[in-house]
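Accompanying notes for the structure given below.
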Amino acid sequence: MKQGYFPQEIEKKWQKRWEDEKTFYTPDESNKPKYFALSMFPYPSGKLHMGHVRNYTITDVIARFKKMQGFNVLHPIGWDSFGLPAENAAMQHSTNPAEWTDENIAYMTQQLKMLGLSYDWEREVTTCKPEYYKWTQWLFLQMFKKGLAYKKEAAVNWCDKCGTVLANEQVIDGKCWRCNSTVEKKYLSQWFLKITDYADRLLNDLDKLDGWGDNVKTMQSNWIGKSEGAILRFKVKELDGVEVPVYTTRPDTVYGITYLVVAPEYKDIEKLTTEENKKSVKEYRANARKMTEIERLSTDRIKTGVPLGTHCINPFNGEEFPLWTADYALVEYGTGAVMAVPTHDERDFAFAKKYNLPLKIVISPNDRELKLSEMDNAYTEEGILVNSSEFNGMKNSEAKKAITQKAVNEGFGEFKTQYRLRDWLISRQRYWGAPIPVMYCEKCGVVPEKEENLPVMLPTDVDFSVVGKSPITTSKTFKDTVCPICGGHAVRETDTMDTFICSSWYYLRYADAKNDKECFNKNKVNHWLPVDQYVGGIEHAILHLLYSRFFTKVLKDLGLLDFDEPFKNLLTQGMVLKDGAKMSKSKGNTVDPDEIFQNYGADTARLFILSDSPPARDFDWSDAGVEGCYKFLNRVWRLVSENMNFLNKDYQLSFPLTRENDDLVRIVNIAIKGITNDIANDFQFNTVISKYRELTNAIYEWIGKKSEFSNEDKNVFSFAVISLIKLMAPVTVHLSEEIWHELGYNTSIHSEEWCKWDENLAKASKITLVVQINGKVRDKIEANESCNEEDLKNIALRSDKVKEFTDGKSIAKVIVVPKKLVNIVVK
RNA sequence: GCUCCAGUGGCGGAAUCGGUAGACGCGUUGGACUUAAAAUCCAAUCGGGGUUCUCCCUCGGUGCCAGUUCAAGUCUGGCCUGGAGCACCA
């Protein structure tokens, strides 16, 4: 064995051998239980960054650990390869997105292999390849048939820089999720998926996800935004047969309505405006349109509005009140109209004060009386109804139901559950995506492509240098086609699908990646899924994770699979920071993984990226930390190479041990138990690694006491070293494999069984008894493990220190915690 | 404003059930080896005070204030700070 540790040499050798020998090939059939470990697949942007390294290392360690524990582990990888950057690169370098993408995939594949990841490359999935997007299109058609994919004209989010529309989830604080430029509203006819049909299931099933963090579940639940209330319809006094419906969560306050507001974009607003008010309303609406989303949504902006001139009648008491338009009412939520109760809603209160609209108290607090003259903000707490006719004296929580019921009985309202979630806008006016497989026939209208004609291929005769429209529209061969119904001329849809569609089902395809007859075999998908452990960034808490859950539920309803949640356990890993800031090119604080591989090797990179923080927390990259990990691996290498003569792979431990050797055997058992438990307990790799170090230190310390090695010593030493490299194998994959073979084994260490511990040996032979007086530690006494409570008590009371503190005082109580502690209470 | 998460040395962080606070590492300091350096190894490292001074004693200490308990980083209540998500959602 070489005296020095040369990772680059070792790593290359093993990577090649694992590939040649298909060490990580996963058969579908196996008598072992299955385990599906998955990282969120990368976008092939060009090079791996440290976030990737962290993500894939975490999942790889989990996969290898589970494999050693006896599972048939599925650990695949693929490429989320449709999307804008490829198209932008094509425009800049006058190349083709497919070429650019292929090159990136090739480079990143080689990087992934350098990291020593245990992927089954036979199952690689690439979303931009026709053999994949054929099935993306097929799934779209199934949704279309079910009425879940539909086209409508709507106010949509438009990113001018990206030249396309965006889904609501892709607008962050009024800005494009990708390029961060301000998003505008446009009225366009676009394709949507009816995710709102699944709002209730997406919300309720969150409860089933015990293996997900609360943070992600709350984010999803906030995003879905369920609220319970009522729709109430108000007749317009001046217009016969015209009604304005409102959505409210406070039907208990209907007797306090003093005006009603419709959004500036409300569809009937012109009808509701009197001749005298036409001009001011028109101006107000024009102004509102000019404002950006961000200005409009700012909560501390002073509320404005104008009256329409017409009035509504309150069906509960016949009162009349004016209709206004104000931009604090949102056209896309509820009915686009709000009943205003200034006394019991902060926004209405501010608005009424500004425009001198009347106030009326209808909810009274239990402990005091409200006075209009003393109110300087709305009363929004619980209370008792007043000024509310037959409902007076009722608790407001009960009145909600009673009042809505009255509206239902009398035909001017109903109970209504409202969601914040909107349907998913999936059209993109871009080239590099899966074409939406529909066409427009002059005679038959919107016609889906026939399934047997799939895939609708992306054309290659396109001009990527065009500005202001999608390159796909420049193709001479793509647009014109034949209607499958009437045989007449039809024009293809030129919009492509949001790439989040491609990534909403890729994890299913891994179960059956090469199937060219169906998107996947049902039995295979039911066997491998759901994913046992999913690992990825928190930035997908809503986007990808919500969409994937939606897809899974749809596919279940379509009968394509039998489960309704795709990811059983979710680990959202923290960001990789450098000097306290997120690594980014713009800040110039990135660290190139290639450089680390070259200088230290992949094992050091893997070890370090797991060592300093638990996976869910942010991780601060430090050069000194890398150096420290590299030193540690050298230390392990030396431990073996300098003591090769004393190592024996066929060691035995079946003889009585000396005191010292017994201690080391116990330390090894304690380490095995601790490490196994730390991994089982939320994958705390940082403490796992500290235990590697502790064990290594203990072995060195043990050697330090030896002047020569007896046979017994050699056996104990071999047991300790072999256990150590096995425990390290999931992390330092090459180093462990190399040492394993140096010791004379022919198999791969990665196919070995995980170390087992003996419960009797996984503890020290002696215990340290902690003696407290009144809860303060006063003494520590070594005691035998076999001592019972009475013995421990007596040992403690015999202590000189204890006597010092108890002298002249009376002992009120003695508490004994077996094998650990005695607390003496004195007065 | 609502919801969730977090707060422990110079730093990253550790501490199954309430039971020795600061594991392990980084950094720093001192030492050994060396002509020297690198590498390696050894030792010290929460703060204040004391002492018979390399051994030990003592007090304080896990964001703040209370509480429960023999015992609180851990549990309860109320705050403060930071991060994240949602947000004129009626």
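Throughout, a chain's letter reflects where its sequence line sits, starting with A, and its residues are numbered from 1.
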Item to complete: Indicate, with a heavy-atom threshold strictly under 4.0 Å, whether V770(A) touches base, sugar-phosphate, or nothing.
Response: base

Worksheet item: Within the structure shown, what part of the strands sits under 4.0 Å from K691(A) by heavy-atom distance: base, sugar-phosphate, or nothing?
Response: nothing

Discussion item. Closest approach to the side chain of R420(A), judged atom by atom: which nucleotide of rA87(B), rG19(B), rG25(B) is it?
Written reply: rA87(B)

Discussion item. Could you write out RNA chain B as dot-bracket? Rules: Watson-Crick or G-U wobble, both distances under 3.5 Å, brackets [ ] for crossings, | for pairs with another strand, dot for unpaired.
Written reply: (((((((..(((......[....)))((((((.......))))))(((((.....)))))..(((((..]....))))))))))))....

Item to complete: Measure from the ring center of F500(A) to the ring center of W424(A) and say whether it is less than 6.0 Å.
Response: no

Worksheet item: With sugar-phosphate meaning primed atoms plus P, OP1 and OP2, does K776(A) contact a base, only sugar-phosphate, or nothing at under 4.0 Å between heavy atoms?
Response: sugar-phosphate

Response to the item:
Heavy atoms of K217(A) and W212(A) approach each other most closely as CE-O, 3.5 Å

Can you give the donor-acceptor pairs under 3.5 Å from side chains of residues 632-641 of chain A to other protein atoms, not counting sequence neighbours?
from	atom 1	to	atom 2	distance (Å)
N634(A)	ND2	Y630(A)	O	3.0
R635(A)	NH2	N697(A)	OD1	2.7
W637(A)	NE1	K2(A)	O	3.0
W637(A)	NE1	G4(A)	O	3.2
S641(A)	OG	W637(A)	O	3.1

Item to complete: Please collect all salt bridge (charged side-chain N to carboxylate O under 4.0 Å, His left out) contacts where either partner lies in residues 675-696 of chain A, sequence neighbours excluded, each pair once.
Response: D678(A)-K691(A)

Discussion item. Which nucleotide wins on minimum distance to the side chain of D612(A), given the candidates rC24(B), rA14(B), rG12(B)?
Written reply: rG12(B)

Worksheet entry | Touch class at under 4.0 angstrom, heavy-atom based, for N681(A) against every strand present | nothing

Discussion item. Starting the side chain at C-beta, find the nucleotide from rC24(B), rC70(B), rC89(B) nearest to N823(A).
Written reply: rC70(B)

Worksheet item: Within the pair R635(A) and rC41(B), is there a side-chain N or O less than 4.0 Å away from OP1 or OP2?
Response: yes

Worksheet item: Has the side chain of Q772(A) got a donor or acceptor that lies under 3.5 Å from a partner of the other kind on the base of rG19(B)?
Response: yes

Worksheet item: In whole angstrom, what separates Y700(A)'s OH from rU40(B)'s P?
Response: 10 Å

Practice prompt. Between rC26(B) and rC41(B), how far apart are the P atoms? Round to whole Å, please.
Written response: 10 Å

Fill in: salt_bridge(K401(A), E228(A)) N-O dist < 4.0 Å
no

Item to complete: For rG78(B) and rU20(B), measure between their C1' atoms and round to the nearest Å.
Response: 31 Å

Worksheet item: Does the side chain of R693(A) get closer than 4.0 angstrom to OP1 or OP2 of rA23(B) through an N or O atom?
Response: no

Fill in: rA37(B) and rU29(B), which share atom name P, separated by this distance in whole Å
15 Å

Discussion item. If the cut-off is 4.0 Å, is Y333(A) near the phosphate of rA90(B), judged by side-chain N/O to OP1 or OP2?
Written reply: yes

Worksheet item: Hey, does V777(A) reach any base, or is it just sugar-phosphate, or nothing, if we go heavy atoms under 4.0 Å?
Response: sugar-phosphate

Item to complete: Write down the distance between NE2 (H344(A)) and P (rA90(B)), rounded to a whole number of angstrom.
Response: 17 Å

Worksheet item: What nucleotide among rA23(B), rG13(B), rC86(B) has an atom nearest to a side-chain atom of N222(A)?
Response: rC86(B)

Item to complete: Run the ring-centre check on F608(A) versus F619(A) and record whether the distance is less than 6.0 Å.
Response: yes

Discussion item. When the C1' atoms of rC65(B) and rU81(B) are compared, how many Å lie between them, rounded to an integer?
Written reply: 15 Å

Item to complete: Tell me whether the OP1 or OP2 atom of rG83(B) has a side-chain N or O from R617(A) closer than 4.0 Å.
Response: no

Item to complete: Answer yes or no: are there more than 12 heavy-atom neighbours, outside K706(A) itself, under 6.0 Å from its atom NZ?
Response: yes

Item to complete: Give one of base, sugar-phosphate or nothing for R778(A), where a contact means two heavy atoms less than 4.0 Å apart.
Response: sugar-phosphate

Response to the item:
Assign each of M339(A) and G775(A) the nucleotide of RNA chain B bearing its closest heavy atom; nearer the 5' end lies the nucleotide of G775(A)

Worksheet item: Are S613(A) and rG13(B) close enough that a side-chain N or O sits under 4.0 Å from OP1 or OP2?
Response: yes

Discussion item. So E243(A) and F412(A), do their side chains get closer than 4.5 Å, heavy atoms only?
Written reply: no

Discussion item. From C-beta outward on I815(A), which listed nucleotide comes closest to its side chain: rC70(B), rU20(B), rC88(B)?
Written reply: rC70(B)

Worksheet item: Distance check: side-chain N/O of K303(A) vs OP1/OP2 of rC88(B), anything under 4.0 Å?
Response: no

